[in-house]
Amino acid sequence: MRFDAYLVVDWSASSTPKRGRDSIWWTVAAWTRRGLRLERTGNPSTRAEALESIGTRLARAVADGASVLVGFDFALGYPRGTAAALGLGGEPWRALWDEWSRLVRDTPDNGNNRFDVAAALNPRISGGTGPFWGHPRGQAFPSLTATRSFTYPVRGLAEKRLAEARLPRAQPVWKLCGIGSVGSQTLLGIPRVRQLLEDPRLAGHLQVWPFQTGLTLPSRVPGKARLILAEVYPSLLTVPAREGLVKDQLQVEALARHFATLDAEGTLASLFSPSLELEPAQRAAILHEEGWILGVR
């Protein structure tokens, strides 16, 4: 077994505390002597509460010397060239994480400035509207349109990352509002997972795949905890509806069980090293800026 537990998170960009449908759900699956079980399923009402709960669970894994796969369902990177278009130096993925953390305000009660941030980023990138788009009806933001009013590429930036191009249903990170959108979750999620990287309880144990690991799964060191954070896409699985239960809850539970089952079968590690026919520049983009979705081949 490459992991001791499998933690999957369905994120939310809600601007108010919320539980139930379209809110945050997370679960942990683990193998026991009695078989696979769900350790817990949480439905925190805010992102701050979710991060505290998840951080505490991961800190316990560190104390126990355990290995945990941590999957978040939003993008961990942006299309190749985004950091350069913003004039950011250093490792592109980390430069974007740092910049988003500097710009985004996300209060304990879920109040946030994501649309203002996108509206400020657009002119920095393109001098006008785009590449970000989408906001609620009845609101207005400078340089951010409610619907897409331009075509891609925008200053050389593609609409989708390489991983998303392989998933017809996947929405681009630039889309902030509307059916299936993931852009708002990404803007608000990246600063939160960056907090996990900075958490002293997890220092030296948490790595982001594939940015810090390459397209591989690092070997376990006996007695030392290992936390691997990856981007996941719950819709890769078909999960039947169950009366009285929220779809998001069913999806995180199904995906956690799925990863655990693959690990028991000895095939989970292969997801971290997908056989991708890529040009050198594409592989570099994945490793340094775009990232990849675990399970996409």
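Bear in mind the structure is a predicted one, so any value in this text is a computation, not a measurement. Start at 1 with the first residue, then count along the sequence.
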Kindly compute the distance separating [atom1] ([X]) from [atom2] ([Y]), expressed to the nearest 0.5 Å.
X: W25; Y: T41; atom1: CH2; atom2: OG1; value: 7.5 Å
X: H135; Y: T147; atom1: NE2; atom2: OG1; value: 8.0 Å
X: T145; Y: F132; atom1: OG1; atom2: CZ; value: 12.5 Å
X: F150; Y: E159; atom1: CZ; atom2: CD; value: 8.5 Å
X: R166; Y: L276; atom1: CZ; atom2: CG; value: 5.0 Å
X: D10; Y: Q249; atom1: CG; atom2: CD; value: 11.0 Å

Using only atom types and a distance under 3.5 Å, with no angle test, would you say the side chain of [X] pairs donor to acceptor with the backbone of [Y]?
X: T107; Y: G111; value: yes
X: Q212; Y: V208; value: yes
X: W31; Y: A260; value: yes
X: R169; Y: S235; value: yes
X: S126; Y: P123; value: no
X: N122; Y: S143; value: yes
X: S273; Y: S270; value: no
X: E49; Y: S45; value: yes
X: H205; Y: A225; value: yes
X: T186; Y: A75; value: yes

For [X] and [Y], test the side chains for any donor-to-acceptor distance below 3.5 angstrom and give the result as yes or no.
X: E52; Y: T56; result: yes
X: Y6; Y: D263; result: yes
X: R226; Y: S219; result: no

Connected via hydrophobic side-chain network under 4.5 Å: [X] and [Y]:
X: L157; Y: W97; value: yes
X: Y233; Y: W174; value: no
X: L245; Y: L255; value: yes
X: L187; Y: L229; value: yes
X: L38; Y: L36; value: no

Salt bridge (Lys or Arg N to Asp or Glu O under 4.0 Å) assessment of D199 paired with R194: CA-CA 9 Å; D199 190 330; R194 182 181 178 275; over 6 Å; no
With a 4.5 Å cut-off on side-chain heavy atoms, are [Y] and [X] touching?
X: L227; Y: L202; result: yes
X: R192; Y: L196; result: no
X: L58; Y: V70; result: yes
X: Q251; Y: L237; result: no
X: W26; Y: V252; result: no
X: F115; Y: S184; result: yes
X: V62; Y: R201; result: no
X: Q185; Y: S12; result: no

Mark yes when over 12 heavy atoms from residues, nucleotides or ligands other than K247 sit less than 6.0 Å from its NZ; otherwise mark no.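 Counting neighbours around NZ of K247, 12 or fewer heavy atoms of other residues, nucleotides or ligands fall under 6.0 Å, so no.
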Heavy-atom count check: over 12 atoms from other residues, nucleotides or ligands less than 6.0 Å from R105 CZ?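 No, the 6.0 Å shell around CZ holds no more than 12 heavy atoms from other groups.
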Between [Y] and [X], is there a salt bridge with N-O shorter than 4.0 Å?
X: R57; Y: E39; value: yes
X: R94; Y: E198; value: yes
X: R220; Y: D4; value: yes
X: E277; Y: R297; value: no
X: D106; Y: R114; value: no

Can you check ring pair (Phe, Tyr, Trp, His ring centres under 6.0 Å) on Y78 and W100, steps first, answer last? CA-CA 12 Å; Y78 281 75; W100 278 202; 5.3 Å; yes
Applying the side chain to side chain contact (heavy atoms under 4.5 Å, CB included) criterion to F272, which one of L294, T213, L215 satisfies it?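 When side chain to side chain contact (heavy atoms under 4.5 Å, CB included) is applied between F272 and each of L294, T213, L215, only L294 qualifies.
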Minimum-distance pair of heavy atoms, taken over all atoms of [X] and [Y]:
X: P79; Y: V173; answer: CD-CG2, 3.7 Å
X: L69; Y: A230; answer: CD1-CB, 4.4 Å
X: G214; Y: L287; answer: CA-CD2, 3.8 Å
X: V232; Y: I293; answer: C-CG2, 4.1 Å
X: I24; Y: N43; answer: O-ND2, 2.6 Å
X: W11; Y: A50; answer: CZ3-CB, 4.2 Å

F74 and F72 aromatic ring geometry - parallel, tilted or perpendicular at 30°/60° bounds: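 Rings of F72 and F74: tilted, 30 to 60°.
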Take L86 and I125 through the test side-chain contact (heavy atoms from CB on, under 4.5 Å) and record every step on the way to the result. CA-CA 6 Å; L86 287 167; I125 293 173; 3.5 Å; yes
side-chain hydrogen bond (donor to acceptor under 3.5 Å, both in side chains) assessment of D109 paired with T16: CA-CA 6 Å; D109 63 355; T16 58; over 6 Å; no
Assess the residue pair L121 and L103 against the criterion (side-chain contact (heavy atoms from CB on, under 4.5 Å)); give the C-alpha distance rounded to whole Å, side-chain angles, the decisive distance to 0.1 Å, and a yes or no. CA-CA 10 Å; L121 288 171; L103 296 173; 3.8 Å; yes
Stepwise, does the salt bridge (Lys or Arg N to Asp or Glu O under 4.0 Å) test hold for R283 with E290? CA-CA 10 Å; R283 182 172 290 272; E290 292 199 358; over 6 Å; no
Pair T32, R37 - check side-chain hydrogen bond (donor to acceptor under 3.5 Å, both in side chains), show working. CA-CA 7 Å; T32 70; R37 72 180 182 91; 4.6 Å; no
Test log, rule side-chain contact (heavy atoms from CB on, under 4.5 Å), inputs N112 and S15: CA-CA 6 Å; N112 65 84; S15 293; 3.3 Å; yes
Checking side-chain contact (heavy atoms from CB on, under 4.5 Å) for the pair R47/L188: CA distance, chi angles, key distance, verdict? CA-CA 9 Å; R47 287 176 290 277; L188 297 175; 3.7 Å; yes
